[in-house]
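Take a look at the structure below.
If you're wondering where the values come from, they're calculated on a predicted model, not measured in any experiment. Chain letters run A, B, ... following the sequence lines, proteins first and then strands; every chain starts at 1.
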Amino acid sequence: TVGAVACDRRSNLAAATSTGGMTNKMIGRLGDSAVPGAGNYANNKTCAVSCTGSGEYFLRGVVAYDVSCLMEMKNMTLQEAAEEVIQRRILEIGGDGGLIAVDAEANISLPFNTEGMYRAFQTSDGVAGVKIYK
Amino acid sequence: MARFAIALHGGAGTLIKGNMTPDKEKAYKKVLSEALQKGYTVLENDGAAVDAVQEAVMCMEDSALFNAGKGSVFSANGTHEMEAAIMEGKTRKAGAVALLTGIKNPISVARDVMEKSQHVFLLGQGALEFAKSMDHVLQDSKYFYDEFRYQQWQEIKGSSQFQLDHSKSKNSKFG
């Protein structure tokens with residue numbers, strides 16, 4: 001699964017997610033991370049999120065929207081909300097994977113709870129990286 | 001003007017399991033860097049976030065290294081069923097496709113679903129017909145064939161198991 005989140009110069013947010021699913025998945029199975037709300041979400045009031053991992057858990061956890069809700073309803077920062085969802089809530093139901101997220105101030109969060117995450121990021125203040133987290 | 005930023009993920013990799021050679025790592029990082037640069041350039045030139053994320057994702061969809069577009073894994077019957085979703089934060093408009101086969105860039109179809117249809121989610125044959133009506137690029141099965149992906153499928157073909165890139169198998173029972 002691949003994805004991108006961005007915050008532009010006007011503080012507009014967007015998220016995109018695309019996937020080939022899972023090897024040997026049942027025909028007709030819908031449910032990887034490229035489902036609005038579950039693994040893909042954007043709201044200028046809070047954040048843009050794209051997820052990767054075992055899709056069924058992201059559907060059950062409504063993960064991308066959950067990050068946004070935690071920011072909006074519990075006043076969490078982007079980092080706090082993303083960590084809460086990936087390091088606690090999704091693990092509670094057995095889910096593995098991670099997400100990328102950005103807020104309207106161009107803060108970035110990249111939490112994951114499993115091995116082998118491919119990530120890249122760049123901000124207008126010069127923070128950048130292309131990493132494979134082992 | 002406010003700060004701007006972009007972040008990408010390329011999923012999770014099977015190659016991490018002791019199989020990541022320096023050459024492979026270099027190849028993955030090259031595509032990630034290209035995708036990052038494409039997206040960041042859009043933002044740098046005062047483009048919209050939604051354009052930046054689409055550009056970046058299309059770049060990764062065009063690589064066989066990542067599980068999306070050209071690099072999509074094999075499903076149980078040997079086909080490639082792809083999914084894509086896109087959403088913009090200002091309007092909270094969203095577009096998505098799933099169970100889509102034979103399309104080079106599913107994310108661009110999702111973008112058209114968001115902007116040029118009255119719907120949010122199109123599946124299967126309906127999604128394919130919509131993509132064709134919007135003149136999206138079609139590709140045959142040879143385009144999506146990758147020997148590494150094929151061998152991954154052969155290992156569990158015929159079983160009830162399925163496999164995420166970074167894990168050996170997942171039980172098929174979910175609540």
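Using a 4.5 Å cut-off on side-chain heavy atoms (C-beta onward), A/Thr123 and B/Phe4 make no contact. A/Thr77 has its side chain out of reach of A/Met71: every pair of non-hydrogen atoms, C-beta onward, lies at least 4.5 Å apart. Within the 4.5 Å cutoff, side-chain heavy atoms of A/Ile132 are placed close to those of B/Tyr28.
Ranked by heavy-atom pairs under 4.5 Å with chain A, the list B/Asn105, B/Asn77, B/Val50 is led by B/Asn77. Among the candidates A/Ser109, A/Gly129, A/Gly28, the residue making the largest number of heavy-atom pairs closer than 4.5 Å to chain B is A/Gly28. With chain A as the partner, the residue from B/Glu44, B/Met58, B/His80, B/Arg111 showing the most heavy-atom pairs under 4.5 Å is B/Glu44. Ranked by heavy-atom pairs shorter than 4.5 Å toward chain B, the options A/Gly37, A/Ala48, A/Cys51 are led by A/Cys51. No other option in B/Ala52, B/Ala98, B/Ala5 has as many heavy-atom pairs under 4.5 Å with chain A as B/Ala5. When the candidates B/Met60, B/Glu81, B/Lys157 are compared by the number of heavy-atom contacts under 4.5 Å with chain A, B/Glu81 comes out ahead.
A salt bridge does not link B/Arg3 to A/Glu105: none of the charged nitrogens lies less than 4.0 Å from a carboxylate oxygen. By the 4.0 Å N-to-carboxylate-O rule, A/Arg10 lies close enough to B/Asp46 to be salt-bridged with it. Residues B/Asp62 and B/Lys104 are paired through a salt bridge, judged by an N-O separation under 4.0 Å between the basic side chain and the carboxylate.
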Does the pair A/Arg119 and B/Leu8 meet the rule for a side chain to side chain contact (heavy atoms under 4.5 Å, CB included), with working shown?
CA-CA 6 Å; A/Arg119 298 289 167 83; B/Leu8 317 180; over 6 Å; no
Check against salt bridge (charged side-chain N to carboxylate O under 4.0 Å, His left out), B/Glu61 and B/Lys70
CA-CA 6 Å; B/Glu61 284 180 336; B/Lys70 183 176 174 60; over 6 Å; no
Is there a side chain to side chain contact (heavy atoms under 4.5 Å, CB included) between A/Leu70 and A/Val85? Walk through the geometry before answering.
CA-CA 9 Å; A/Leu70 287 170; A/Val85 168; 3.6 Å; yes
Passes ring-ring contact (aromatic ring centres under 6.0 Å, His included), A/Tyr118 versus A/Tyr133? Steps please.
CA-CA 6 Å; A/Tyr118 300 77; A/Tyr133 293 93; 9.9 Å; no
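For chain B, the nearby part of A/Ile108 is the side chain; its heavy atoms alone come within less than 4.5 Å. Heavy-atom distances place both the backbone and the side chain of A/Asn43 under 4.5 Å from chain B. Only the side chain of A/Leu110 comes within less than 4.5 Å of a heavy atom in chain B; its backbone stays farther off. With a 4.5 angstrom heavy-atom cutoff, B/Glu55 does not touch chain A via any of its atoms. Proximity to chain A is limited to the side chain of B/Leu99, based on heavy atoms less than 4.5 angstrom apart. Neither the backbone nor the side chain of A/Cys47 comes within contact range of chain B; no heavy atoms are under 4.5 Å apart. If you measure heavy-atom distances from B/His9 to chain A, the contacts under 4.5 Å come from both the backbone and the side chain.
No side-chain donor from either of B/Asp23 and B/Thr21 sits under 3.5 Å from a side-chain acceptor of the other.
Closest approach of A/Arg29 to A/Gly55, counting heavy atoms only: NH2-N, 4.1 Å.
With sequence neighbours left out, the salt bridge (Lys or Arg N to Asp or Glu O under 4.0 Å) criterion links A/Glu92 to A/Arg88.
Rounding to the nearest 0.5 angstrom, the gap separating the CG atom in B/Asp135 from the CG atom in B/Asp112 is 10.0 Å.
Applying a 4.5 Å heavy-atom cutoff, the residues of residues 29-41 of chain B that approach chain A are B/Lys29, B/Leu32, B/Ser33, B/Leu36, B/Gln37, B/Tyr40. Residues from residues 83-93 of chain B that place a non-hydrogen atom less than 4.5 Å from a non-hydrogen atom of chain A comprise B/Glu83, B/Ala84, B/Ala85, B/Ile86, B/Met87, B/Glu88, B/Gly89, B/Lys90, B/Arg92, given in numerical order.
Other cluster members for B/Met134: B/Val97, B/Leu100, B/Ile103, B/Val109, B/Val113, B/Leu122, B/Leu128, B/Phe130, B/Leu138, joined by side-chain heavy-atom distances under 4.5 Å among Ile, Leu, Val, Met, Phe, Trp and Tyr.
The six-membered or imidazole ring of B/Phe144 lies away from that of B/Phe74, with a centre-to-centre distance of 6.0 Å or more.
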